[in-house]
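Just so you know, residue 1 is the first one in the sequence shown, and it goes up from there.
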Amino acid sequence: MRRPTIGVFDSGFGGLTVLKALLELIPEADYCYFGDTARLPYGSKSVETVARYAVEAAHYLESQGAQMLVIACNTATALALDQIRAALKVPVVGVVEPGAEAAAAATKNRKIIVIGTEATVSSHAYRKALEARGLEAREKACPLLVPLVEEGWVEHAVTEQVARIYLTEAFTDGFHEADTLVLGCTHYPLLKPLLQRVTPGHVQIVDSAESTARAVAAQFRQLVPLALGDTEERRATPRLRFFATDSTEKFRRLGERFLGHRIEHVEHVDLKE
């Protein structure tokens with residue numbers, strides 16, 4: 001039997017933090033990653049446009065042999081998960097529910113703060129998921145953090161100052177004692193050490209990239225039994241294929257920061273408008 005393939009989709013680079021976590025948890029799979037870099041950011045687009053773009057990319061990954069799809073994009077998960085699931089024949093996992101589940105497990109006083117992009121926060125996807133679990137949630141948009149991460153300023157004094165301002169605003173008005181911070185954007189795991197420094201000491205940080213990888217691992221092992229052929233095949237390194245709709249050189253350069261190791265080759269894909 002061939003190794004199973006997991007497709008990972010994002011509007012750009014942030015989803016590579018999810019792929020990084022998946023590689024650690026499910027090394028027995030191969031991976032196709034699709035970054036819709038020509039059409040980002042999704043955050044400023046309408047629900048209909050995001051759904052159309054995401055479904056096109058998801059179909060492309062399905063055509064490349066993906067037997068399971070991970071929507072490693074908070075905006076696409078928040079705005080279009082149902083449409084993506086309806087359009088595909090394979091199981092689809094988004095980033096919001098696993099993040100909410102991990103926050104519910106982490107909190108002791110049931111007060112959660114979620115930071116994310118404007119679009120994710122405006123959708124209230126995390127708040128709804130957390131309130132459905134009986135938790136009190138406050139969402140805080142932090143629009144400056146994504147460009148700072150993409151600039152490579154993950155330990156810069158400016159980034160620390162910006163993060164401190166956002167979090168000071170978040171931890172006010174009845175949320176001083178919130179004990180859990182959910183990173184509701186896949187760029188933010190790169191800022192985890194910095195965010196740990198500027199967050200009150202009693203706060204636990206929940207990384208939705210790691211939470212999603214754990215949720216995918218649980219579902220993957222039910223769907224794809226480990227009868228992967230001979231043991232030699234099972235030990236082989238995952239095959240990684242990368243697709244981008246804009247500059248492949250830029251994707252390689254920026255993508256390596258998120259993935260934490262070299263990206264050898266990126267295929268350019270043109271999706272029809």
Side-chain angles (χ1 to χ4, degrees), residues 10-21 40-44 72-75 77-78 95-96 98-100 102-103 106-109 111-127 129-130 135-213 253-260:
D10 185 30
S11 58
F13 309 95
L16 291 163
T17 60
V18 179
L19 178 57
K20 183 180 182 181
L40 62 74
Y42 278 15
S44 55
C73 173
N74 282 273
T75 302
T77 300
V95 284
V96 173
T107 185
K108 293 184 174 59
N109 67 12
K111 286 200 167 192
I112 317 284
I113 286 173
V114 182
I115 56 173
T117 63
E118 293 276 11
T120 299
V121 167
S122 298
S123 75
H124 302 305
Y126 275 99
R127 196 184 74 198
L130 290 163
L135 307 171
E136 216 179 323
R138 164 174 288 167
E139 299 161 306
K140 175 67 181 168
C142 305
L144 294 175
L145 293 182
V146 166
L148 288 167
V149 169
E150 293 197 352
E151 192 62 38
W153 289 15
V154 294
E155 281 295 344
H156 199 288
V158 168
T159 310
E160 184 161 335
Q161 190 177 359
V162 167
R164 197 180 295 279
I165 292 166
Y166 282 144
L167 290 170
T168 300
E169 290 172 356
F171 283 88
T172 54
D173 303 331
F175 276 83
H176 294 93
E177 74 277 24
D179 68 353
T180 306
L181 176 69
V182 177
L183 306 186
C185 171
T186 50
H187 280 65
Y188 297 175
L190 277 76
L191 295 172
K192 213 192 293 189
L194 182 151
L195 292 170
Q196 210 100 51
R197 289 199 301 275
V198 301
T199 304
H202 66 278
V203 173
Q204 188 166 336
I205 293 179
V206 169
D207 176 347
S208 56
E210 286 177 3
S211 312
T212 301
R253 183 169 41 81
L254 265 180
E256 287 174 358
R257 289 185 201 156
F258 289 82
L259 195 58

Apply side chain to side chain donor-acceptor pair (under 3.5 Å) to Y42 and list each qualifying residue two or more places apart in sequence or on a separate chain. D36

Rounded to the nearest 0.5 Å, what separates atom CD1 in I115 from atom SG in C185? 8.5 Å

By side chain to side chain donor-acceptor pair (under 3.5 Å), which residues pair with E155, not counting sequence neighbours? R197

side-chain contact (heavy atoms from CB on, under 4.5 Å) between V203 and F171: does it pass, once the steps are laid out? CA-CA 11 Å; V203 173; F171 283 88; 3.6 Å; yes

Which pairs, with at least one residue in residues 185-196 and sequence neighbours excluded, count as a salt bridge (Lys or Arg N to Asp or Glu O under 4.0 Å)? K192-D207, K192-E210

The reported gap from CG in N109 to CD in E136 (rounded to nearest 0.5 angstrom) is 9.0 Å

To the nearest 0.5 Å, what is the distance between OG1 (T17) and CG (D10)? 8.0 Å

Contacts of S211 meeting side chain to side chain donor-acceptor pair (under 3.5 Å) (sequence neighbours excluded), chain-then-number -> none

Find out whether T117 and N74 are in side-chain contact, i.e. whether some heavy atom of one side chain is under 4.5 Å from a heavy atom of the other. no

Got a sec, which residues hit salt bridge (charged side-chain N to carboxylate O under 4.0 Å, His left out) with E118, two or more places apart in sequence or on another chain? none

Review item, side-chain donor-acceptor pairs of residues 143-154, under 3.5 Å, at least two apart:
{"unit_1": "E150", "atom_1": "OE2", "unit_2": "H187", "atom_2": "NE2", "d": "2.8"}

Run the side-chain contact (heavy atoms from CB on, under 4.5 Å) check on S208 and Y126 step by step: do they pass? CA-CA 11 Å; S208 56; Y126 275 99; 3.7 Å; yes

Residues forming a salt bridge (charged side-chain N to carboxylate O under 4.0 Å, His left out) with R138, sequence neighbours excluded: none

Partner residues of H202 under the side chain to side chain donor-acceptor pair (under 3.5 Å) criterion, sequence neighbours left out: none

Considering residues at least two apart in sequence or located in another chain, which fulfil the side chain to side chain contact (heavy atoms under 4.5 Å, CB included) criterion with A129? V96, E97, A100, R133

Please list all pairs passing the salt bridge (Lys or Arg N to Asp or Glu O under 4.0 Å) test where one or both residues lie in residues 164-187, with sequence neighbours left out. K111-E177, K140-E169, E160-R164

So OG1 of T180 and CD1 of I205: to nearest 0.5 Å the spacing works out to 10.5 Å

Rounded distance [0.5 Å steps], CG in L167 versus CG in L195: 6.0 Å

